[in-house]
Amino acid sequence: MIAILGTGKMGEALLSGLLRAGFEPDGVLATARRPERAAELGERYGVQVVSNAEAAKSAETIILAVKPQDMASLLTEIAPHVPADRLVISAAAGITTLFVESRLEADIPVVRVMSNTPVLVDEAMSVISAGAHASEEHLRRTEDLLRPVGKVLRIPESQQDAATALSGSGPAYFFYLVEAMVDAGILLGMPRAAALDMVTQSIVGAAIMLRDSGEHPVILREAVTSPGGTTIAAIAELERHSVRAAFLAAIEAARDRSRQLAGG
């Protein structure tokens, strides 16, 4: 039995991904704060929506997917109900395994996870880190849960805040970029729908090339950048406006915010 405690956007995305991956609805529990939300989840997915305490008592694997600011109160609520042989997976930005372990009543194995919203299309990037009591078996169990909905990478927990900034928030950066490119197409006289189609397919194609070719992105970019051509004119403008430096600063700011969330 698997329980997902907290079914906001990411919690629901994980829930739908598990069901698409072949988990039976009667093997998955969910929790929700509002009764109407509980009814909606039950109707949409066929899962049983229960209290946090009941989910903690009943499930072998407990996924904590509440907002970071709600994690302390959730752990206080479920701590008396989590047996020592459970696996707890924390999917909240900035929340360390030590934070979770110190609020549970036994040496519970905890694995920290940062995933992202492409879990909705089975293309998530999930990074995992073991807590003090988590073994190889617990890491493998976590990977088995996440691999059907995307790629899974093990990293040291010291890199989790950077991963949150890079891949956890990463899809938002791409949507922001697409929005800007579509606006540019409209400025140049393109209909919005046509501009969106062109930009979307260009990004999908480029991403597949990057993933499958094994080439460094600089090599792939240079292959498009002819001397004196249109692409180098655009790249020069991006450099003039310090777009690269802005991305570095933005991702660093996201990393810093992840650290702040851990402190409450």
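Worth knowing before you read on, the calculation uses all heavy atoms, side chains too, and leaves out hydrogens, waters and symmetry mates.
Side-chain contact between Ile155 and Gln160 is present, with at least one heavy-atom pair separated by less than 4.5 Å. A 4.5 Å side-chain heavy-atom check between Leu64 and Met71 finds at least one atom pair inside the cut-off.
In terms of heavy-atom proximity, Leu210 sits nearest to Glu215 at CD1-O, 3.7 Å. Among all heavy-atom pairs drawn from Arg192 and Asp183, the shortest one is NH1-OD1, 4.1 Å. The shortest non-hydrogen separation linking Ala13 to Val119 is CB-CG1, 3.1 Å. The two residues Ala130 and Thr97 have their closest heavy-atom pair at C-CG2, 4.4 Å. Considering all non-hydrogen atoms of both residues, Val49 and Ala32 come closest at CG1-N, 4.0 Å. Summarising the geometry of Thr96 relative to Phe99, their closest heavy-atom pair is OG1-N, 3.0 Å, with the distance given to 0.1 Å.
Checking Arg255 against Thr164 by side-chain atom types alone, no donor-acceptor pair falls below 3.5 Å. Side chain to side chain, Ser167 and Asn116 fail the donor-acceptor criterion of an N or O pair below 3.5 Å.
Within the model, atoms CE of Met114 and OG of Ser129 stand 10.5 Å from one another, a figure rounded to the nearest 0.5 Å. Atom CG of Leu220 is separated from atom NE2 of His216 by 9.5 Å, given to the nearest 0.5 angstrom. Atom CG of Leu19 sits about 8.0 Å away from atom OH of Tyr45, to the nearest 0.5 Å. Between the CD atom of Glu157 and the CD1 atom of Ile128 there is a distance of 12.0 Å, given to the nearest 0.5 Å. In this structure, CD1 in Ile63 is found 9.0 Å from CG in Leu15, a value given to the nearest 0.5 Å. Rounding to the nearest 0.5 Å gives a distance of 8.5 Å between CG of Asp144 and OG1 of Thr142.
Hydrophobic cluster of Tyr173: the remaining members, joined at side-chain heavy-atom separations below 4.5 Å, are Leu166, Ile232, Ile235, Leu238, Val243, Phe247, Ile251, listed by chain and number. Taking a 4.5 Å side-chain heavy-atom cut-off between Ile, Leu, Val, Met, Phe, Trp and Tyr, the cluster of Val50 extends to Met1, Leu29.
Using a 4.0 Å cut-off between a side-chain N of Lys or Arg and a carboxylate O of Asp or Glu, Asp161 and Arg257 do not qualify as a salt bridge. A salt bridge links Glu143 with Arg154: the distance from a Lys NZ or Arg NE/NH1/NH2 to an Asp or Glu carboxylate oxygen falls below 4.0 Å. With respect to the salt-bridge test (charged N to carboxylate O, under 4.0 angstrom), the residues Arg140 and Glu137 do not qualify.
Leu74 and Val110 fall within a single hydrophobic cluster, where Ile, Leu, Val, Met, Phe, Trp and Tyr are joined by side-chain heavy atoms under 4.5 Å apart, directly or via other members. Neither Ile62 nor Leu145 shares a network with the other; the hydrophobic side chains, linked directly or stepwise wherever heavy atoms of I, L, V, M, F, W or Y lie under 4.5 Å apart, form separate groups for each. Under a hydrophobic-cluster definition in which Ile, Leu, Val, Met, Phe, Trp and Tyr are linked whenever side-chain heavy atoms come within less than 4.5 Å, directly or via other members, Met125 and Val152 are assigned to different clusters. Cluster annotation: Val111 is connected to Leu18 through the hydrophobic network of ILVMFWY side chains, with a link wherever side-chain heavy atoms come within less than 4.5 Å. Under the 4.5 Å side-chain heavy-atom criterion for grouping Ile, Leu, Val, Met, Phe, Trp and Tyr, Leu196 is not connected to Phe175 through any hydrophobic cluster.
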Quiz: residues 78-93 side-chain donor-acceptor pairs under 3.5 angstrom, not counting sequence neighbours:
residue: Arg86; atom: NE; partner: Ala59; partner atom: O; Å: 2.7
residue: Arg86; atom: NH2; partner: Lys57; partner atom: O; Å: 2.8

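Side-chain atoms of Arg20 come within 3.5 Å of backbone N or O of Leu120 as a donor-acceptor pair. A donor-acceptor pair is defined here as one N or O able to donate and one able to accept, closer than 3.5 Å; such a pair exists between the side chain of Thr31 and the backbone of Gly6. With Ser226 contributing its side chain and Gly229 its backbone, the two residues share no donor-acceptor pair below 3.5 Å.
Sorted by first then second residue, the salt bridge (charged side-chain N to carboxylate O under 4.0 Å, His left out) pairs that include residues 2-19, not counting sequence neighbours, are Glu12-Arg37, Glu12-Arg44.
Not counting sequence neighbours, Glu43 has no partner by the side-chain contact (heavy atoms from CB on, under 4.5 Å) test. Remark: His138 engages Ser135 in a side chain to side chain donor-acceptor pair (under 3.5 Å) (not counting sequence neighbours).
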Side chain to side chain donor-acceptor pair (under 3.5 Å) between Arg141 and Thr61, intermediate numbers included: CA-CA 9 Å; Arg141 282 170 58 186; Thr61 300; 3.0 Å; yes
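Heavy atoms of other residues, nucleotides or ligands lying less than 6.0 angstrom from CZ of Arg211 number more than 12.
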